[in-house]
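Positions are given from 1, in the same order as the sequence printed here.
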Amino acid sequence: MGTWDVGPFDNDTAADFSYTLDEAAADARAGIILGALTRVIDIAGYLEAPESEEGVAAAALVAAQCPKGEPTDPVYGPEEPLPDLTGLRDLALQALDRVMTEPSELMDLWDESNGAPWGTHIRNLRNVLTPQPPRRTTQPALNHPNPLRVIPEKPP
């Protein structure tokens, strides 16, 4: 496994995936990302590491366009602009869930080598991709200085 860190582009497969995106026509890039996500989701049996690595990279590209998403790796991530990918959030979540579900070679490889930081990174991607519920407001109060005050969320 040509891996040098826990980030979604910190392996040879994901770096090659980025190169493929950069070399593709602008109108083909979303389809390449969609294909990487659906390939991972559609594998019911043993999920090989290369497909997982592409799926994680594709999910990271979607997450980068979401609120609180981190930019992609400036060295190994794609350099060419990408179209709006936020419509792929659900598929990106499904792909990450599949990578983290047995049988998954990538998950097994990380488990064998203290993969806690990698697992944390995957959970962080999931958190960014998961749509947040809208904040609730109260009904306007007639004599209140702030008629549309926000109700603080109760801790779990």
Side-chain angles (χ1 to χ4, degrees), residues 1-137 150 153 156:
M1 178 164 75
T3 301
W4 49 88
D5 207 348
V6 299
F9 294 96
D10 294 340
N11 60 76
D12 290 334
T13 304
D16 290 345
F17 179 69
S18 293
Y19 178 77
T20 299
L21 287 169
D22 284 339
E23 293 298 308
D27 62 349
R29 294 182 189 132
I32 293 169
I33 293 165
L34 174 64
L37 296 171
T38 56
R39 271 191 302 282
V40 168
I41 294 165
D42 290 345
I43 295 175
Y46 189 71
L47 180 59
E48 301 280 343
E51 287 81 9
S52 295
E53 290 166 336
E54 281 190 3
V56 169
L61 293 172
V62 176
Q65 295 183 359
C66 295
K68 299 184 182 177
E70 294 182 18
T72 57
D73 187 297
V75 176
Y76 299 106
E79 295 176 6
E80 296 298 322
L82 296 173
D84 179 13
L85 302 171
T86 56
L88 301 177
R89 286 172 88 155
D90 186 55
L91 290 175
L93 281 165
Q94 290 178 51
L96 292 176
D97 288 345
R98 177 59 189 94
V99 168
M100 298 298 287
T101 302
E102 290 289 350
S104 170
E105 181 181 26
L106 187 60
M107 189 174 73
D108 291 343
L109 290 169
W110 279 109
D111 284 347
E112 293 169 4
S113 62
N114 184 22
W118 177 77
T120 298
H121 197 81
I122 298 296
R123 282 188 297 282
N124 290 343
L125 284 174
R126 284 196 92 268
N127 289 338
V128 168
L129 289 163
T130 302
Q132 300 301 312
R135 295 179 71 175
R136 299 180 325 168
T137 59
V150 175
E153 295 191 25

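If you take CG on Asp108 and OG on Ser113, they are separated by 11.0 Å, rounding to the nearest 0.5 Å. How far CD of Glu48 is from CD of Glu54: 12.5 Å, rounded to the nearest 0.5 Å. Atom CG of residue Leu21 and atom CG of residue Asp16 lie 11.0 Å apart, to the nearest 0.5 angstrom. Once rounded to the nearest 0.5 Å, the distance linking OG1 of Thr101 with CG of Leu96 reads 10.5 Å.
What you find for Thr72 and Ala60 is that their closest heavy atoms are CG2-O, 4.5 Å. Between Trp118 and Val6, the closest heavy-atom pair is CD1-O, 3.5 Å. Between Gly55 and Val40 the shortest heavy-atom distance is CA-CG2, 3.8 Å. Between Ile41 and Leu91 the shortest heavy-atom distance is CD1-O, 3.4 Å. When all heavy atoms of Ile122 and Met100 are compared, the closest pair comes out as CG2-CG, 3.8 Å. Contact record, Leu37 with Ala59: CD2-N, 3.8 Å, taken as the closest heavy-atom pair.
Judged by distance alone, the side chain of Arg98 and the main-chain N or O of Asp42 form no donor-acceptor pair under 3.5 Å. The backbone N or O of Val99 lies less than 3.5 Å from a partner atom in the side chain of Ser104, making a donor-acceptor pair. Looking only at distances, no side-chain donor or acceptor of Arg29 sits under 3.5 Å from a matching main-chain atom of Pro83.
Side-chain contact check for Thr3 versus Leu109: every heavy-atom pair is 4.5 Å or farther apart. Counting heavy atoms from C-beta outward, Gln65 and Asp84 have side chains that approach closer than 4.5 Å. Proximity of Val56 to Asn11: side-chain heavy atoms (C-beta onward) are nowhere separated by under 4.5 Å. Side-chain contact between Ser18 and Glu79: absent, with no pair of heavy atoms (C-beta onward) separated by less than 4.5 Å. Looking only at side-chain heavy atoms (C-beta outward), Phe17 and Thr13 stay at 4.5 Å or farther from each other.
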Under 3.5 Å, which donor-acceptor pairs do the side chains of residues 123-130 form with other protein atoms, sequence neighbours left out?
unit_1, atom_1, unit_2, atom_2, d
Arg123, NH1, Gly119, O, 3.3
Arg123, NH2, Thr120, OG1, 3.2
Asn124, ND2, Thr120, O, 3.4
Arg126, NE, Asp97, OD1, 2.6
Arg126, NH2, Asp97, OD1, 3.2
Arg126, NH2, Asp97, OD2, 3.3
Asn127, ND2, Arg123, O, 3.4
Thr130, OG1, Arg126, O, 2.7

Exercise for the section: Quick one: do Gln94 and Thr38 satisfy side chain to side chain contact (heavy atoms under 4.5 Å, CB included)? Show the steps, please. Expected result: CA-CA 9 Å; Gln94 290 178 51; Thr38 56; over 6 Å; no

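The side-chain contact (heavy atoms from CB on, under 4.5 Å) search around Asp73 returns Phe9, Asp10, Val75, Tyr76, not counting sequence neighbours.
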